[in-house]
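As structure tokens, the structure follows; a few thoughts come after it.
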Amino acid sequence: MSGRTAHILEQKWRSDDIRIGEDADFSSLLLPKELLRGLTGAGFKYPSPIQLKAIPVGKIGKDLIVQAKSGTGKTLVFTVVALNMLLKGATHPQVLIMAPTREIACQICQVIKCVGVPYKGLACEYFIGGRKLEEDVSRIQGCQVIVGTPGRIKQLINCKILKTAGIRLFVLDEADQLLKESSFTTDIDDIFRALPRDKQMIATSATYPDKLKRLTNKYFRDPLLIRLNKKDIGLLGMVHYYRVIPVSKLPVVAYKEKLKFLENVLLSVKFAQCLVFCNMVSRVENLCVEIKEWGFATSYISSAREQQDRLKAIELLKRFKCKVLVSSDVVLSVQALLLSQVMKLKYINGCKLMGNSRVLLYQEKKLMPEQHSGLYKN
């Protein structure tokens, strides 16, 4: 797999979330030539602040907890560490990466394959629910890097399909989201017990909740916590706007009011692409149809949709063939996935329809409040 994954820093203004204040590129991190060629080929030239701090520590095998805002490059941290530690010529699983959702697992796999192009024989696959288990049996053969969701990975281990004796790196991506689900926590416990004692652990997270602290105390060996934001998890340069919707005891009336204002926003604001979040799965498809009628190329993603269709919707958005993507709140992957690619897209606008609230949130980078009547700066 080849192609550009990184954004071009020099093209436009960048906030201090992803811009470093010193003259350093990836070659200054003393990475192998293969890895440097892979980073260059994927478009990565300068490390972000979190990458500059975390990659050198991860290279020496230290257990890591990486806390940084979404979209600042945490995925590349463990991608570099994973590729740097692979044993050449070995075809058994060496790296196991957990993701909270199917879409994030797919994206992680794509990033690793893209950066790992110079590595001959590199095999990285993702394993998620919604697919036949029989398909995974053939795909896992000769795979060195395994990416997946906890439920499917646990199933593969229990069925003796995934051999874990050679795992040298265990990664928990979006660890705060993984630990929100009690079933995920149980699965991760079972998976951890199936792994070798001598391995490196990395957890990435936008926040550092108590559950994550307890997990690190339980499984990590003297981990180093690298964090750039303790309280403020919002991206710099992102301005938030909101609109108060009139109260109505009838949900249908309240929904129509939100829909009317959303239409006004989409038709009056210039944007490259937009994400609309809806907290009711049952309304996602209908909302998508409504927005299509306003003249926008629209798709949707929710837990009620088939996995193959969900991946197609994400791909359409990434290829700029989808102007507006509607998502349910249960599919946290859309927000995490696209925020991690916010530098890859021109920019992302987000609108949120909150079914149990009277507030419609609107956010856009560098949007002047006086441009749009009815929007209030948060």
Side-chain angles (χ1 to χ4, degrees), residues 1 32 34-35 38 58-64 66 74-175 178 184 186-204 215 219-221:
M1 179 180 179
E34 284 180 321
L35 190 44
K59 275 180 54 187
I60 63 175
K62 183 77 173 176
D63 282 6
L64 279 179
V66 182
K74 298 189 295 295
T75 299
L76 194 65
V77 170
F78 61 77
T79 294
V80 169
V81 174
L83 292 174
N84 182 68
M85 71 178 302
L86 287 179
L87 299 173
K88 292 185 178 181
T91 58
H92 63 271
Q94 301 174 53
V95 178
L96 180 59
I97 302 171
M98 294 288 97
T101 66
R102 301 170 182 180
E103 289 75 22
I104 292 180
C106 177
Q107 186 224 3
I108 292 171
C109 188
Q110 290 174 348
V111 172
I112 293 174
K113 285 183 176 180
C114 189
V115 177
V117 167
Y119 286 77
K120 295 182 179 180
L122 173 66
C124 175
E125 297 289 346
Y126 65 94
F127 302 88
I128 58 178
R131 288 182 165 185
K132 294 180 179 179
L133 189 63
E134 293 76 15
E135 297 177 0
D136 291 344
V137 175
S138 59
R139 292 171 58 244
I140 207 169
Q141 300 302 318
C143 193
Q144 300 112 327
V145 182
I146 306 288
V147 187
T149 47
R152 178 49 63 97
I153 294 299
K154 178 182 175 181
Q155 184 181 18
L156 291 174
I157 293 174
N158 290 341
C159 294
K160 310 297 182 183
I161 298 172
L162 172 57
K163 309 298 183 183
T164 60
I167 297 294
R168 305 172 63 227
L169 172 64
F170 186 36
V171 179
L172 301 176
D173 188 33
E174 304 288 349
L178 278 169
F184 279 1
T186 303
D187 290 342
I188 291 171
D189 285 340
D190 293 339
I191 292 168
F192 185 88
R193 285 192 287 268
L195 301 180
R197 290 177 58 87
D198 187 17
K199 62 185 175 301
Q200 183 180 6
M201 297 277 297
I202 296 178
T204 68
L215 179 77
Y219 292 135
F220 286 59
R221 297 175 299 182

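Position 1 is the first residue of the sequence; numbering continues from there.
With a 4.5 Å cut-off on side-chain heavy atoms, Ile108 and Phe78 count as touching. Contact of the Gln200 side chain with the Val81 side chain is registered, since non-hydrogen atoms from C-beta on lie closer than 4.5 Å. When side chains are defined from C-beta on, Asp190 does not count as touching Ile157, because their heavy atoms never get closer than 4.5 Å. At least one side-chain heavy atom of Gln144 sits under 4.5 Å from a side-chain heavy atom of Leu122. With a 4.5 Å cut-off on side-chain heavy atoms, Lys199 and Leu96 do not count as touching. The closest side-chain heavy-atom distance from Leu215 to Leu172 is below 4.5 Å. Contact check for Phe170 versus Ile191: side-chain heavy atoms found under the 4.5 Å cut-off. No side-chain heavy atom of Cys106 sits under 4.5 Å from any side-chain heavy atom of Ile128.
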Side chain to side chain contact (heavy atoms under 4.5 Å, CB included) assessment of Val80 paired with Val115: CA-CA 8 Å; Val80 169; Val115 177; 5.5 Å; no
Using side chain to side chain contact (heavy atoms under 4.5 Å, CB included), reason through Arg152 and Leu156 one step at a time and then give a plain yes or no. CA-CA 6 Å; Arg152 178 49 63 97; Leu156 291 174; 4.1 Å; yes
For salt bridge (charged side-chain N to carboxylate O under 4.0 Å, His left out), just list the numbers for Asp198 and Arg221, CA-CA rounded to whole Å, side-chain angles, deciding distance to a tenth of an Å, and then say yes or no. CA-CA 10 Å; Asp198 187 17; Arg221 297 175 299 182; 3.5 Å; yes
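Across all their heavy atoms, Leu133 and Cys159 have their closest contact at CD2-SG, 4.2 Å. When all heavy atoms are compared, the tightest approach of Ala105 to Gly148 is CB-CA, 4.3 Å. Pairing each heavy atom of Thr164 with each of Ala194, the nearest pair is OG1-O, 2.6 Å. Annotation for Glu135 and Ser138: closest pair O-OG, 3.1 Å, computed over non-hydrogen atoms. The nearest pair of heavy atoms linking Met98 to Pro150 is SD-CA, 3.9 Å. Closest heavy-atom contact between Pro118 and Glu34: CG-O, 3.4 Å.
Interatomic distance, Gln141 CD to Ile161 CD1, rounded to the nearest 0.5 Å: 9.5 Å. Between atom CD1 of residue Ile140 and atom CD of residue Glu125 there is a gap of 9.5 Å, rounded to the nearest 0.5 Å. To the nearest 0.5 Å, the span separating OG1 on Thr79 from CD1 on Ile97 amounts to 6.5 Å. For the atom pair CG of Leu64 and NZ of Lys59, the computed distance is 13.0 Å after rounding to the nearest 0.5 Å. For the atom pair Ile202 CD1 and Asp173 CG, the distance stands at 10.5 Å (nearest 0.5 Å). Here CG of Asp136 is found 8.0 Å from CD1 of Ile153. Values are rounded to the nearest 0.5 Å.
Judged by the 6.0 Å and 45° rule, Arg139 forms a cation-pi pair with Tyr126.
Applying the side-chain hydrogen bond (donor to acceptor under 3.5 Å, both in side chains) test to Thr149 and every residue at least two apart in sequence or in another chain returns nothing.
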